[in-house]
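Heavy atoms only: backbone and side chains are in, while hydrogens, waters and symmetry mates are out. As the structure lists them, so they are numbered: ligands from 1, and atoms in each ligand from 1.
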Amino acid sequence: MNLIFEELIASYLDSGVGQSCDFLSSELSDGLVLNLVGHKMKNDMKSAGIGQNEDFHKDLTYRKDKIHWLETTTSNSSERLFFKLIDSWISYLNQTCYAGIIKSEFHYALYEQGSFYKKHLDQFSKNDSRVFSMIMYLNANWQEGDGGELVIYKENEIVKIAPSLGRMVFFDSGKYEHEVLPTSVSRMSITGWLKRT
Ligand code: OGA
Ligand code: NI
C-alpha cells in the first residue's frame, strides 16, 4: 500500500489534488457497494444537508445526494477493512508529512440519476477542523458521457475527474471549491474528512 500512499502524496504536493486509481481493491469496493445498496433498499440513505448545527438545512436545489455515515464500531468485514486502510493512510500521512490528523469521518454517498452537488467548500464557516477531503469512487462501469464528474476549481486551472471504481481523490478541505456535475447514471462513493480537532 505504501506505493499508493506515496503516489497520493506526490500528486498532492505536485498539483494540490492527490489521486490514485487503485486505492480501493475490487474486493473491498464490491463489499462496500453491497453495503451501500443494502442501505438504499432499507431506505437508510438520507438526503444530505448543508451547514452545521443551527445553520444545518436541506436544499435539494444545491445538493441531491443521499448519504449514510459509517460507524467505526461496525462489525461488517468490508467496513472493518476499509477503516484499517484509512488508519494506515492516516498513520502514513502523519509520519511522513507531520499532518497531525487525529480524527476522521466518512459517509456513503449515492447520487441517483439527475443528482448533483453545486460548487462548494468542504469547511464549515465556523469550524475549520476538516483538513483534508477524501473521495473514493465505487462505479465499476463509469463511461464518458455518464456525467457525475468531480470538478475542482484550482487557482489557475479547472480539473475534471471521472468517478471511476477504485479512484481516490484528496485535497485541502478549506482551499478548493468543487462541484459534482449532474449524473445520468447512479453514482456511488464514500466521502470523508481527515480532521485535526
Ligand atoms: C462532498 C463532495 C465530491 C464527489 O461530498 O462534499 O464534494 O466527487 N463530493 O463526490
Ligand atoms: Ni465537497
Side-chain angles (χ1 to χ4, degrees), residues 8 11-12 15-24 29 32-33 35-37 39-40 45-53 55-70 82 86 103-155 157-195:
L8 281 163
S11 47
Y12 167 79
S15 73
V17 178
Q19 280 197 66
S20 162
C21 285
D22 31 33
F23 187 75
L24 296 181
S29 10
L32 295 168
V33 166
N35 293 337
L36 191 156
V37 171
H39 291 309
K40 154 93 180 123
M45 300 286 298
K46 303 290 181 197
S47 294
I50 317 169
Q52 201 181 26
N53 304 330
D55 295 334
F56 183 86
H57 63 285
K58 294 191 176 179
D59 179 350
L60 294 178
T61 65
Y62 191 76
R63 73 182 289 191
K64 276 186 75 168
D65 55 328
K66 293 187 173 149
I67 67 167
H68 181 100
W69 290 95
L70 279 85
F82 172 77
I86 295 298
K103 281 192 205 160
S104 59
E105 57 189 3
F106 293 90
H107 64 58
Y108 291 105
L110 172 65
Y111 289 72
E112 290 170 301
Q113 193 181 33
S115 299
F116 52 81
Y117 190 164
K118 290 199 176 153
K119 196 166 162 183
H120 65 280
L121 207 57
D122 282 355
Q123 266 181 6
F124 299 115
S125 54
K126 295 174 192 154
N127 178 343
D128 62 1
S129 68
R130 288 177 169 180
V131 180
F132 297 116
S133 300
M134 277 177 66
I135 306 134
M136 288 143 282
Y137 298 108
L138 301 173
N139 308 296
N141 295 310
W142 187 88
Q143 280 168 13
E144 198 69 48
D146 286 348
E149 291 94 343
L150 167 67
V151 178
I152 302 178
Y153 295 87
K154 300 207 296 185
E155 295 91 342
E157 194 193 350
I158 295 175
V159 186
K160 202 169 166 181
I161 298 170
S164 309
L165 183 78
R167 171 169 282 149
M168 192 269 252
V169 181
F170 122 91
F171 54 90
D172 291 355
S173 303
K175 192 160 175 190
Y176 298 136
E177 288 191 302
H178 53 280
E179 74 175 309
V180 177
L181 298 181
T183 182
S184 47
V185 296
S186 168
R187 175 198 198 263
M188 297 176 289
S189 56
I190 292 183
T191 303
W193 295 275
L194 308 186
K195 301 165 78 169

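- For the pair M136/L32, no side-chain contact is recorded, criterion being any heavy-atom separation below 4.5 Å from C-beta on.
- Within the structure, the closest approach of R187 to ligand 1 falls below 4.0 Å when heavy atoms are considered.
- A distance below 6.0 Å separates the ring centres of H120 and H178.
- Ranking protein heavy atoms by distance to atom 5 (O) of ligand 1, first place goes to T191 CG2, 3.6 Å.
- The proximity of E179 to ligand 1, defined as any non-hydrogen pair under 4.0 Å, does not occur for either the backbone or the side chain.
- The shortest heavy-atom contact between L121 and E177 is CD1-N, 3.7 Å.
- Atom CZ of R187 is separated from atom CG of L138 by 10.0 Å, given to the nearest 0.5 angstrom.
- Ring geometry for F82 versus F106: interplanar angle over 60°, hence perpendicular rather than tilted (30 to 60°).
- Atom NZ of K40 has 12 or fewer neighbouring heavy atoms from other residues, nucleotides or ligands inside a 6.0 Å radius.
- Regarding atom 8 (O) of ligand 1, its nearest protein heavy-atom neighbour is Y137 OH, 2.6 Å.
- Counting only heavy atoms of the protein, atom 1 (C) of ligand 1 lies nearest to Y117 CE1, 3.6 Å.
- E149 does not count as a contact of ligand 1, since none of its heavy atoms falls under 4.0 Å from the ligand.
- Distances between N or O atoms of D65 and those of ligand 1 include no value under 3.5 Å.
- Near I135, meaning under 4.0 Å from any of its heavy atoms, are these atoms of ligand 1: 3 (C), 4 (C), 8 (O), 10 (O).
- Summarising the local packing, NZ of K46 is surrounded by more than 12 heavy atoms from other residues, nucleotides or ligands at distances under 6.0 Å.
- Between I135 and F171 there is a side-chain heavy-atom pair separated by less than 4.5 Å.
- Distances shorter than 2.8 Å separate the Ni ion (ligand 2) from the protein N/O/S atoms H120 NE2, D122 OD1, H178 NE2.
- Residue H120 has at least one nitrogen or oxygen atom sitting less than 3.5 Å from a nitrogen or oxygen atom of ligand 1, judged on distance alone.
- In the candidate list V180, L121, V169, V180 is nearest to atom 9 (N) of ligand 1, counting heavy atoms.
- Counting only distance, with no hydrogens or angles, the side chain of Y111 and the backbone of S184 share no donor-acceptor pair below 3.5 Å.
- Within the 3.5 Å criterion, the main-chain N or O of G174 finds no donor-acceptor partner in the side chain of R130.
- The aromatic rings of W193 and W69 sit tilted relative to each other, their planes meeting at an angle between 30° and 60°.
- Distances below 4.0 Å separate heavy atoms of D122 from the following atoms of ligand 1: 6 (O).
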